[in-house]
Every structure is written in structure tokens, then in C-alpha cells.
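Below is one structure, written out as C-alpha cells; the observations come after it.
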Amino acid sequence: MMINKLLIAIIPLVLGGCVPKKTTEVASIINVSIVPQKFFIEQMVGDRYQVNVVLEKGANHETYEPSPRQMMLLEEAPLYLMLCHNGFDQPWVDKLMARHPDLKVVDLSAGIQLLAGDACDHGDNHHHDHHHAVDPHIWIAPSTAKRLVENLKDALLQNFPHDSVLIVDGYQRLRSKMDSVDARYARELKPHAGKSFMVYHPATSYLARDYALNEISIESDGKEPSVARLKELIEQARIEDVNMILMQKEFDERHVQVLAQETGASVVAFDPMSENWFDFADSLLRQFTENLSHP
């Protein structure tokens, strides 16, 4: 009799122990495209959610393809916060939705006046053809990054209403800091309105538009410049007194070095995928003000 009672007490415990426990609830996992999105989420809510970043650190977002293993991990999340429709992350979202039809996708570019994108034919063995209907680099300029973060806040509130106090408080703190950065950009770049700078890959178009600068892209439609185009760029740089050429480490710097040697412009490395957006924004503004100030 005593043995039967012990078995009755033990069996539920044993059976219960056989059920694996998830370390993270599926509902609290979020997929994003790039590290800056993760940074903004963590600035708002700390480590409240598990945030999966598709683009690996140091990878070129124009040519990156998630591995099958990474795609399987990404399928665990019910929510994807994409930068913008028809941006470089559109193919990743399409693949995920094909495998996970119930995936909820939120476009974080809502309300932003988007610029036209380019068509990138990289011509490698992986046949990377990226046709961007819009310019997806909305996180770089403080003016557009603020709206991205507002949309991010709205998406979190819609999907995690039980965390509304945490989300709203965090957003207000983050937005206040970003407003200050935006005001600094407007104030410190105003004396340089109309001045030109060069960039290898056109990632700073929103910044140029919103702070009255002139961006000259070395790359065109995802392709490196021809010899004839390089000569045109050298002449244009001389005419427009270009003192700065922005360069991302993911791209080939040979043409940038030729332009710098021929024009005397400074080559400035910058990392739009920086893990700390505020440090990135401060550094970029400093480079603009220092280099655009040169006669």
C-alpha cells in the first residue's frame, strides 16, 4: 500500500521532468536585420526580449545571404522588424515568410519620405542581384532614425502590450537623446550647407538630404566606377572642392585611394553597423565638421 502511494506521488514528477523547458518564450523573440535595430530595442527595454540579428558583424549587407542553419534559428521568432519594404532585407523576409507563413512583419520605414534605391548586380558565383526600389539606409541620419525608433516603439507596444510602461518610458528616454543628436547635426552642419562630400557606397543619402549637403557616390547601381567614370569623379571632386571621402571597410578601397591621391581628399572610414549608434553618430558628425571646414 505504501509503495502504491509512493508511485502515485512520483510518477507525475517523473513525467513532468521529461518535458523540455524552453529557456526563452517564443513570443519574446524578435528578428531584426541589423545591429543598430537591436541597439535601439535594448536602449528601450534592456534585455527584456531575445533579439536575433540577421546580418552578421562585418558582413556586406548588399551581398549577404543567411545560412540554412541561421534561417532555422530565425524561424523561432513570430515577429520580424524589417527596415523597409524592398530594401536589402526584403529577400531575407521573403525566404522566412515562405517557410513561416504566420510570421508577422513590420516595416519600420512608415512615415519616412524614402529616397529611390539602386540596382545592385554583384556578378559573383552566388548571383546576388539586389534591386532596391528604395534606399534602405534610414538608421544613419538622426532625422530618419528618430522615426524608425518611433515605429519600433509602436511595433513593440502592439506585440507586447503587457510591457507598455517599460516600452514607453524607454522610448521617451531614447527619443530625448536622439532629438539632441538631431539638433546638433542641424546646428553644426548648417554652416556647411551645400558643400559636397564623396562616399563609396551611397549610405548617407538621407543625411545629405536632411542636412543640406551634397553626396557624390563613387559606386553606381552597385558597380565600381569605370576608368572613364573615375576621371569624371576626379574632375568633379576638384570643381566642388571635395575634402572627404567616406569609406566602409566592407567595400574595395582601390578606387577611393586613387581619388584621394588625385584630389587630396581625406579618406574617412565609418561603420554604419556600429554596435553603439550614439558613438557612431557622434563620430560621423565630427568627421563632417572637421573635413568640411577645410578650405
ask   = Is the number of heavy atoms from other residues, nucleotides or ligands within 6.0 Å of CE (M72) greater than 12?
value = no

ask   = Could you go step by step and tell me if N52 and N31 meet the side-chain hydrogen bond (donor to acceptor under 3.5 Å, both in side chains) rule?
value = CA-CA 5 Å; N52 297 329; N31 289 336; 3.2 Å; yes

request  = State the CD-CD1 distance between E232 and I216, to the nearest 0.5 angstrom.
outcome  = 12.0 Å

query = Does the pair F197 and V268 meet the rule for a side-chain contact (heavy atoms from CB on, under 4.5 Å), with working shown?
reply = CA-CA 11 Å; F197 67 95; V268 175; over 6 Å; no

key: Short side-chain donor-acceptor distance under 3.5 Å, S274 and N276   = no

inquiry  = With rounding to the nearest 0.5 angstrom, report the OH to CZ distance, Y206 to R147.
reply    = 13.5 Å

message = Counting C-beta onward and ignoring hydrogens, is there a side-chain heavy-atom pair between K153 and L174 closer than 4.5 Å?
response = no

inquiry  = Quick test of your reading of the model: are D252 and R254 salt-bridged, counting only N-O distances below 4.0 Å?
reply    = yes

request  = Calculate, to the nearest 0.5 Å, the distance between atoms CZ and CD belonging to R209 and E215 respectively.
outcome  = 11.5 Å

message = Just verifying a value: how many Å separate L207 CG and L284 CG, rounded to the nearest 0.5 Å?
response = 6.0 Å

inquiry  = I need the minimum non-hydrogen distance between Q248 and A203, along with the two atoms involved.
reply    = OE1-CB, 3.7 Å

ask   = Are side-chain heavy atoms of T263 and I234 found at a separation under 4.5 Å?
value = yes

task = Would you kindly say whether D94 and Q90 are connected by a side-chain donor-acceptor distance under 3.5 Å?
result = yes

request  = Report the C-alpha separation of R175 and D179 in whole Å, then their side-chain angles, then the decisive distance to 0.1 Å, and conclude whether the salt bridge (charged side-chain N to carboxylate O under 4.0 Å, His left out) test is met.
outcome  = CA-CA 6 Å; R175 180 59 185 262; D179 283 340; 2.9 Å; yes

request  = Indicate the atoms forming the closest heavy-atom contact of C84 with V134, along with that distance.
outcome  = SG-CG2, 3.7 Å

request  = Say whether, by atom type as modelled, one donor and one acceptor occur between the side chain of S176 and the main chain of Q172 under 3.5 angstrom.
outcome  = no

key: Salt-bridge criterion met for K195 and D241 (N-O under 4.0 Å)   = no

message = Are there over 12 heavy-atom neighbours, none belonging to K231, within less than 6.0 Å of that residue's NZ?
response = no

query = Can you find a heavy atom in the side chain of S28 that is under 4.5 Å from one in the side chain of Q50?
reply = no

note = Here the gap from L246 atom CG to M244 atom CE, rounded to the nearest 0.5 Å, amounts to 4.5 Å

task = Flag the pair Y80 / V106 as yes when at least one side-chain heavy-atom distance between them is below 4.5 Å, and no otherwise.
result = no

ask   = If you measure from the Lys or Arg side-chain nitrogens to the Asp or Glu carboxylate oxygens, is any gap between R286 and E188 under 4.0 Å?
value = no

task = Please report the C-alpha distance between Q37 and M82 in whole Å, then the side-chain angles of each, then the deciding distance to 0.1 Å, and finally whether the side-chain contact (heavy atoms from CB on, under 4.5 Å) criterion is met.
result = CA-CA 9 Å; Q37 291 171 282; M82 69 185 300; 5.9 Å; no

query = Is a donor on one side and an acceptor on the other found under 3.5 Å between the side chain of T144 and the backbone of A141?
reply = yes

Side-chain donor/acceptor of S109 to backbone N/O of I112, under 3.5 Å = no

ask   = Any donor-acceptor pair under 3.5 Å linking the side chain of Q287 with the backbone of S283?
value = no

query = Can you find a pair of side-chain heavy atoms, one from L259 and one from L230, that are under 4.5 Å apart?
reply = yes

query = Which heavy atom in V181 sits nearest to a heavy atom in P142, and how many Å separate them?
reply = CG1-CG, 3.8 Å

query = Do you know the tightest heavy-atom contact between M97 and V105?
reply = SD-CG2, 3.7 Å

ask   = Under a 4.5 Å cut-off applied to non-hydrogen side-chain atoms, are W277 and M178 in contact?
value = yes

inquiry  = Just so I know, are the side chains of H201 and H137 near enough to count as touching, which here means a heavy-atom distance under 4.5 Å?
reply    = yes

request  = May I have the step-by-step check of side-chain contact (heavy atoms from CB on, under 4.5 Å) for T204 and F270, ending in yes or no?
outcome  = CA-CA 11 Å; T204 49; F270 79 123; 4.1 Å; yes

task = Look up atom CG in D210 and atom CG in D182, then write down how far apart they are to the nearest 0.5 Å.
result = 8.5 Å

query = Under the 3.5 angstrom rule, does the side chain of N243 hit a backbone N or O of A265 as a donor-acceptor pair?
reply = no

request  = Mind running side-chain contact (heavy atoms from CB on, under 4.5 Å) on V256 and F251 for me, showing each step along the way?
outcome  = CA-CA 10 Å; V256 170; F251 295 93; over 6 Å; no

ask   = Is the backbone of S33 close enough, under 3.5 Å, to the side chain of D89 for a donor and an acceptor to pair up by distance?
value = no

task = Anything under 30° is parallel, anything over 60° is perpendicular, the rest tilted; go ahead and classify Y185 against Y211.
result = tilted

message = Would you say the ring centers of F160 and Y49 fall short of 6.0 Å from each other?
response = yes

task = Can you spot which of L74, V32, I34 makes a side chain to side chain contact (heavy atoms under 4.5 Å, CB included) with V54?
result = L74

key: Any side-chain heavy-atom pair of Y171 and E150 under 4.5 Å   = yes

Expected output: side-chain D221 to main-chain K223 donor-acceptor under 3.5 Å = no

Ion pair E262/R238, N-O distance below 4.0 Å = yes

query = When N159 is tested against each of L81, I167, L79 for side chain to side chain contact (heavy atoms under 4.5 Å, CB included), which residue passes?
reply = L79

note = In short, M247 meets V267 closest at the heavy-atom pair CB-CG1, 4.1 Å

message = If we count only N and O atoms by modelled type, under 3.5 Å, do the side chains of N214 and E240 hold a donor and an acceptor together?
response = yes

message = For E275, is the CD atom crowded, meaning more than 12 foreign heavy atoms sit under 6.0 Å from it?
response = no

remark   = Shortest non-hydrogen pair, L156 vs M44, comes out as CD1-CE, 4.2 Å

